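Everything numeric here is computed off the predicted structure, so don't read it as measured data. Whatever order the structure lists them in is the order used to number ligands and atoms, beginning at 1.
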Amino acid sequence: MLILGIETSCDETAAAVVEAGKTVHSNVVSSQDEVHARYGGVVPELASRVHIRMIPAVIDQALQKAHVTLADIHGVAVTQGPGLVGSLLVGLGAAKSLAMAFELPLVGVNHLEAHVAANFLEQDPPPFPFSALVVSGGHTNLFYVSDHLTYRTLGQTRDDAAGEAFDKVAKFLGLGYPGGVVIDRMAKTGDPVSVAFPRAMMDDDSLDFSFSGLKTAVITHLKKHPLEDPGLEQKQADLVAAFQEAVVDVLVSKALRAEARNRTGHLVLAGGVAANSRLRAQLARAASSAGITLHVPRLAYCTDNAVGVASLGYHQLRLGRRASWDLDAYSRLPHRLPPRHR
Ligand code: KG4
Ligand code: ZN
């Protein structure tokens, strides 16, 4: 069963062809980073316009790279939310048009579940149940996942997402967008204990997160201790390394805490911030010493893509789920959508 996945929830236009939820035949991602870089963040109106311009070519390429035509496709899966509504609507419009024209079943997919599903395209997919940490530009969530389509939220951020904190700190320092990649690279030469930034909500029992205080602490520190020559580059590297360490410490502790409660023995990392080298290393170390198997997707499957969408779509279609033509976009999604049949 070949599924065409379509993803336009934020600033990446993506399409993929995946077989039986696990074999990737193509994975095409067109990034809008250059469009948004000068603004230091995603401009929703521009994102929608670029999606409209790019989506036909992105879908064409995904089919070509998979050496198939739409006549070979068995179903269309599309990200329904959460995300930017204007962006999501472009993907939904494209998916509905193709499904209608080629008489294919259509399913809507949750963006966060699609991030997690990227792990099922790897060699050693996680067995159910498992704990999952999804860290992206818009979300920081801990889940208990009992099967492909059953997610229970254990914790989430009360304010900024982890990726958002990276992007905002980078913007304040004038380091460019997206900030996570730049900070990850710069932090490699920095001293992570140069500044003791706060680790929020570590003492309470909850599995929720808060990153806006950390962002404010970095900005306040910079106002008190402006970064100047001599040694400006090293000072910047030290500062971002200390900031990154605070984010990573919290993510690692809470993920391990969630696993200690659930004892599934398997922890899955997903989302754009899962590309962070320090997070990958520290989580691997902590998981290994706690006897937990860590599953991390390759870098290309961390940031937004459509392989997870197509994989998840397969599992919905397998169970006979179908979306109706009024399938709508949501900026925030109640975590489990009731399946709608047509
Ligand atoms: O999942 P994603 O592509 O889009 C959303 O669903 O939000 O995540 C994008 C986020 C951005 O905030 C970006 O700065 C962050 O992921 N990111 C990173 C790294 N690569 C991307 N954050 C930290 N380290 C990285 N290497
Ligand atoms: Zn994402």
Side-chain angles (χ1 to χ4, degrees), residues 5-14 16 27 29-33 36-37 39-42 44 47 51 78-85 87-88 91 109-119 132-141 156-157 160-173 175-188 190 192 211 214-215 240-241 243-252 268-283 296-309 312 330-333:
I6 296 175
E7 150 65 36
T8 60
S9 68
C10 190
D11 62 340
E12 256 93 36
T13 318
N27 171 31
V29 181
S30 166
S31 166
Q32 301 180 8
D33 283 354
H36 304 286
Y39 305 101
V42 178
H51 283 310
V78 60
T79 308
Q80 189 182 3
L84 302 170
V85 169
S87 289
L88 289 162
V109 162
N110 177 311
H111 181 58
L112 304 185
E113 294 177 12
H115 269 304
V116 172
N119 284 276
L133 172 65
V134 182
V135 265
S136 71
H139 296 87
T140 307
N141 285 56
Q156 57 197 312
T157 184
D160 291 353
E164 193 178 353
F166 272 97
D167 294 338
K168 284 179 175 169
V169 166
K171 184 176 181 180
F172 195 81
L173 286 165
L175 298 177
Y177 173 84
V181 187
V182 191
I183 289 181
D184 190 350
R185 194 177 54 236
M186 283 185 75
K188 288 189 201 304
F211 292 108
L214 171 60
K215 169 199 66 191
V240 296
F243 156 75
Q244 177 178 268
E245 200 68 1
V247 176
V248 168
D249 269 359
V250 176
L251 294 175
V252 170
V268 163
L269 180 63
V273 183
N276 185 269
S277 58
R278 185 73 177 164
L279 175 60
R280 291 167 88 97
Q282 295 293 76
L283 201 52
V296 184
R298 71 191 71 177
L299 291 183
Y301 294 171
C302 288
T303 41
D304 288 344
N305 63 76
V307 293
V309 178
L312 212 50
Y330 296 93
S331 58
R332 292 159 167 266
L333 214 52

Any side-chain to backbone donor/acceptor pair from [X] onto [Y]? Under 3.5 Å, distance only.
X      : Y      : answer
Ser136 : Gly272 : no
Asp11  : Gln32  : no
His51  : Cys10  : yes
Asn119 : Val116 : yes
Asp167 : Gly179 : yes
Thr140 : Ala162 : yes
Arg280 : Ala274 : yes

message: Checking Val240 against Leu175 for the side chain to side chain contact (heavy atoms under 4.5 Å, CB included) test, could you report, in this order, the C-alpha distance in whole Å, the side-chain angles of both residues, the deciding distance, and whether it holds?
response: CA-CA 11 Å; Val240 296; Leu175 298 177; 4.2 Å; yes
- request: Would you name the N/O/S atom of Asp304 that lies closest to the Zn ion (ligand 2)?
  value: OD1
Which atoms of ligand 1 are found less than 4.0 Å from any heavy atom of [X]?
X      : answer
Ser136 : 1 (O), 5 (C), 6 (O), 7 (O), 8 (O)
Asp184 : 24 (N), 25 (C), 26 (N)
Val181 : 19 (C), 20 (N), 25 (C)
Asp167 : 11 (C), 12 (O), 13 (C), 14 (O)

With a 4.0 Å cut-off on heavy atoms, is [X] in contact with ligand 1?
X      : answer
Gly138 : yes
His111 : yes
His115 : yes

field: Options Val273, Val29, Leu279, Asn276, ranked by nearest heavy atom to atom 15 (C) of ligand 1, top entry
entry: Val273
task: Pick whichever of Gly272, Ala274, Ser9 has a heavy atom sitting closest to atom 21 (C) of ligand 1.
output: Gly272
task: Write down the atom of Val29, the atom of Asn27, and the distance for their closest heavy-atom approach.
output: CG2-OD1, 3.8 Å
Looking only at distances, can you tell me whether any N or O atom of [X], backbone or side chain, sits closer than 3.5 Å to an N or O atom of ligand 1?
X      : value
Thr303 : no
Gly163 : yes
Gly137 : yes

Vertex the Zn ion (ligand 2), rays to NE2 in His111 and NE2 in His115 - rounded to 10°: 100°
query: Looking at the Zn ion (ligand 2), is one of the N, O or S atoms of His139 less than 2.8 Å from it?
result: no
- request: Specify whether an N/O/S atom of Cys10 falls short of 2.8 Å from the Zn ion (ligand 2).
  value: no
- prompt: Which distance, rounded to the nearest 0.5 Å, do you find between the OG of Ser9 and the CD of Gln80?
  reply: 12.0 Å
field: Interatomic spacing from CD in Gln244 to CZ in Arg278 - rounded to 0.5 Å
entry: 7.5 Å
field: Identity and distance of the protein heavy atom lying nearest atom 22 (N) of ligand 1
entry: Gly180 CA, 3.3 Å
message: Students should be able to answer this: which protein heavy-atom is nearest to atom 2 (P) of ligand 1, and at what distance?
response: Asp304 OD1, 3.4 Å
